[in-house]
Amino acid sequence: MFLLVCHAPGRLLPTLRSRCRLLRFHPLDDRMMAEALAAELPALSQADRAALIRLSGGVPGMAIALAEPGIAALEGELAQLVQAPPAEAAIRAAALARSLSGKAGAARLSALLARAPALLAEGARSRRGAALARTIDDWQAAQSLATGAGPLSLDPQTVAYDLASRLARLGGN
């Protein structure tokens, strides 16, 4: 028996597909994620565990990859960034970008890449007119950055600043 993992089964050769049984895996719910993280990362604080559950979207492997003490603090920093007045938001965005550059901030940068598009999507739900159009444009750009930053070897500080600046605009509406 072989387990073949494929994100595009339609692209498999018909001779392979005809011999396969399709199994769909769904994201875990929050309770199951909490149990998995407690078993794998028992030293992680409750706040960090809750942040990882939100960031990972029900995927335990992603949560473990993002695990770092203090990851919950990023959520607080993002909330402060969104709520800050425009002049202060620019300063906070630059500080956040500096803190995420380099190897020490790699896990937090991955968390920002996962969280920024979701926060922009949440923000779009309460907007109308020009503000909605701008937020959708920001969401599309954030999605593109989130998926392309690693494969394209984009500068982490520049990516973080761009995402933080887009998030800061959520508060300016």
Side-chain angles (χ1 to χ4, degrees), residues 7 27 30 33-34 36-37 40-41 43-173:
H7 71 280
D30 289 354
M33 280 293 296
L37 289 175
E40 283 296 315
L41 305 165
L44 210 57
S45 73
Q46 190 65 24
D48 286 341
R49 193 172 294 129
L52 287 172
I53 290 170
R54 282 190 304 277
L55 290 169
S56 65
V59 181
M62 180 185 287
I64 292 167
L66 293 174
E68 173 182 293
I71 199 78
L74 179 64
E75 287 280 313
E77 291 174 45
L78 295 177
Q80 289 174 351
L81 177 68
V82 169
Q83 295 169 359
E88 186 183 328
I91 294 168
R92 285 184 182 275
L96 179 63
R98 279 191 303 276
S99 75
L100 298 180
S101 63
K103 290 187 180 190
R108 286 170 41 96
L109 177 62
S110 294
L112 177 65
L113 292 173
R115 192 70 179 124
L119 287 172
L120 287 163
E122 290 170 17
R125 290 185 185 105
S126 63
R127 289 177 170 54
R128 302 286 179 263
L132 174 61
R134 186 176 60 243
T135 304
I136 290 172
D137 289 343
D138 284 340
W139 173 82
Q140 288 173 329
Q143 280 288 101
S144 179
L145 275 173
T147 58
L152 296 174
S153 298
L154 299 177
D155 176 51
Q157 189 168 349
T158 304
V159 169
Y161 183 76
D162 187 286
L163 291 173
S165 297
R166 292 176 189 286
L167 289 171
R169 284 197 288 264
L170 283 175
N173 292 321

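No experiment lies behind these values; they were computed from the predicted model shown.
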When rounded to the nearest 0.5 angstrom, what is the spacing between [atom1] in [X] and [atom2] in [Y]?
{"X": "L120", "Y": "L170", "atom1": "CG", "atom2": "CG", "answer": "5.0 Å"}
{"X": "L100", "Y": "S110", "atom1": "CG", "atom2": "OG", "answer": "9.5 Å"}
{"X": "L96", "Y": "E77", "atom1": "CG", "atom2": "CD", "answer": "5.5 Å"}
{"X": "Q83", "Y": "L78", "atom1": "CD", "atom2": "CG", "answer": "11.0 Å"}
{"X": "L167", "Y": "R92", "atom1": "CG", "atom2": "CZ", "answer": "13.5 Å"}
{"X": "L52", "Y": "D48", "atom1": "CG", "atom2": "CG", "answer": "6.5 Å"}

Around atom CD of Q140, are there more than 12 heavy atoms of other residues, nucleotides or ligands at under 6.0 Å?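 Counting other residues, nucleotides and ligands, CD of Q140 exceeds 12 neighbours.
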
Is there a side-chain contact between M33 and S56, using heavy atoms and a 4.5 Å cut-off? yes

Side chains of L112 and V159: closer than 4.5 Å at any heavy-atom pair? no

Sequence-distant partners of R115, salt bridge (charged side-chain N to carboxylate O under 4.0 Å, His left out), two or more places apart: E75, E122

Listed by chain and number, what are the side-chain hydrogen bond (donor to acceptor under 3.5 Å, both in side chains) partners of R49, not counting sequence neighbours?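 So R49 forms a side-chain hydrogen bond (donor to acceptor under 3.5 Å, both in side chains) with Q46.
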
Knowing that exactly one of T135, D138, D137 qualifies, which makes a side chain to side chain donor-acceptor pair (under 3.5 Å) with R166? D138

